[in-house]
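To find a chain, count down the sequence lines: A is the first, B the second, and so on, and within it residues start at 1.
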Number of protein chains: 2
Amino acid sequence: MSFPRRYRHTLTGRASAAGDESRARVLEVALELFAASGFRGTSVAQIAERAGLSQAGLLHHFPSKATLLTAALDYHDDREGSLLEIDGKPPLGWAAFDALTGLVARNAQRPHAVRLFVTLGAEALDPDHPAHEWIRNHYESLAAWLAAAVEFGRERGEMCPDTPVDQLVRLTIAAMDGLQLQWLVSDRKIDMVEEFRHYVEHQKNTWSRP
Amino acid sequence: MSFPRRYRHTLTGRASAAGDESRARVLEVALELFAASGFRGTSVAQIAERAGLSQAGLLHHFPSKATLLTAALDYHDDREGSLLEIDGKPPLGWAAFDALTGLVARNAQRPHAVRLFVTLGAEALDPDHPAHEWIRNHYESLAAWLAAAVEFGRERGEMCPDTPVDQLVRLTIAAMDGLQLQWLVSDRKIDMVEEFRHYVEHQKNTWSRP
DNA sequence: GTCTATAGGAGGATAGAC
DNA sequence: GTCTATCCTCCTATAGAC
């Protein structure tokens, strides 16, 4: 579902070590600045400066600003993609909720990863935004992943047969997103990990098979 | 807590009827476009065109783009402010949750009101953004309002004595925000009103005094 | 692969006429 | 109160030298 290294020059031959290093540095910086100020609020020149090259130098690696954004998002997904898997398999039943709690805990250590979603998620509601497909895909995958986990937990008897799957999935994603937003707005004063953990505990108490 | 009409020229004398009308039209259009594309993504000229005057004509009423934004937000708060009051008094106990459900239902009819919060909320995380104080204030007021309502419901005996006030407040706001986001991302395919209603029902079942 | 230079455009804000 | 004209800054992208 993601296409890592899509823009690597290795497709057309071997890139130089220096080039690959520049490229990676640019992507890191791009993620940081896009997360802080969004796509529209960040200029290519700003990214270039922080990455230690000129604007034209940067655009040698990425033909356009939009291309840079999608490349940065692929780069991000590459590194985060396996977070919701254990040994290459997705966790099922309540274990999926524990994995989400782990994700929230990890996010609490990296505010800019959270902000990437909040900032770009809002901007990319516009169908013309270069990250529009990315954000839709993100929500769709996450919901499908969680729904499959709950479905399995129900069939296996770990959860009540009358667990409202879709409702639980939507509310769980909403809780995660909403708490992250409050966490950012409050200058990280609220403990979103603890809040989410309570939420998950509560759902376990409610829907676990007696 | 809000300062309506702060920028009205009536402070310095009587403005012409034509001027007031232009001004109101500009504010309406500004809210719409800022909601759709954010502060950075909207130009003064775009707003002016849709409002039926020139860019310079618009800037006669509002000295700068940032001033226009804050004026538009005040204008918005003026019209929405009483939504969480009944007869000038805030609803208390579970009635507050019903009022929130009503708000969600009303929002479902006006997508751009929802988008205003999502779009500007994300942009305004930046402390330098002209709406930064506005969004912080919004969350703070909402949380205080809901916490007071829950506190009252607990003391009055409508809710369990061991209701976790802050937790319930944060989760409720998170659920509302998160569901609204999914609603927008999914092109309004999910029924956020029904989802939120289920959430509230569930909380009532959990924390009502037996 | 990286640079300087520059084209070409958009945006915010001001000056001054009516 | 509204307009036209203009200034100045910032941005994306390209051309061409090294």
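Atom CG of B/Leu58 is separated from atom C1' of C/dT14 by 15 Å (rounded to the nearest Å). Between the CG atom of B/Leu69 and the P atom of C/dG12 there is a distance of 12 Å, rounded to whole Å. A/Gln46 places its CD atom 14 Å from the C1' atom of D/dT9, with the value rounded to the nearest Å. The CG-P distance, from B/Leu68 to C/dA13, rounds to 10 Å in whole Å. Protein atom CD of A/Glu49 is 13 Å distant from nucleotide atom P of D/dC10, rounded to whole Å. Rounded to a whole Å, the NE2 atom of A/His61 is 16 Å from the P atom of D/dA13. Look at CG on A/Asp20: it is 15 Å from C1' on C/dT2, rounded to the nearest Å. Note: CG (B/Leu59) to P (C/dG16) measures 17 Å, nearest angstrom.
With D/dA13, D/dA5, D/dT2 as the choices, the nucleotide that has an atom nearest any side-chain atom of A/Lys65 turns out to be D/dA13. With C/dT14, D/dA15, D/dT12 as the choices, the nucleotide that has an atom nearest any side-chain atom of A/Val44 turns out to be D/dT12.
At D/dT12, none of the side-chain N or O atoms of A/Ser64 fall inside 4.0 Å of OP1 or OP2 (strictly under the cut-off). Not one side-chain nitrogen or oxygen of A/His60 sits closer than 4.0 Å to the OP1 or OP2 atom of D/dA13. Distances shown here put a side-chain N or O of B/Ser22 below 4.0 Å from the OP1 or OP2 atom of D/dT2.
For C/dG12, its base sits under 3.5 Å from the side chain of B/Gln55 at one donor and acceptor pair at least.
Between B/His138 and B/Phe117, the ring-plane angle classifies as tilted under the 30° and 60° cut-offs.
For the 3.5 Å distance criterion, the side chains of B/His112 and B/Glu32 fail to qualify, holding no donor opposite an acceptor. Side-chain N/O atoms of A/Glu28 and A/Tyr75 include a donor and acceptor closer than 3.5 Å. At a cut-off of 3.5 Å, with distance as the only test, a side-chain donor of A/Asp77 or A/Trp134 sits close to an acceptor on the other residue.
B/Leu53 comes within 4.0 angstrom of sugar-phosphate atoms only, judged by non-hydrogen atoms across all strands, and of no base. Note on B/Ser54: a base of the nucleic acid sits closer than 4.0 angstrom, heavy atoms only.
Atom CD of A/Glu201 is separated from atom CH2 of A/Trp94 by 9.5 Å, given to the nearest 0.5 angstrom.
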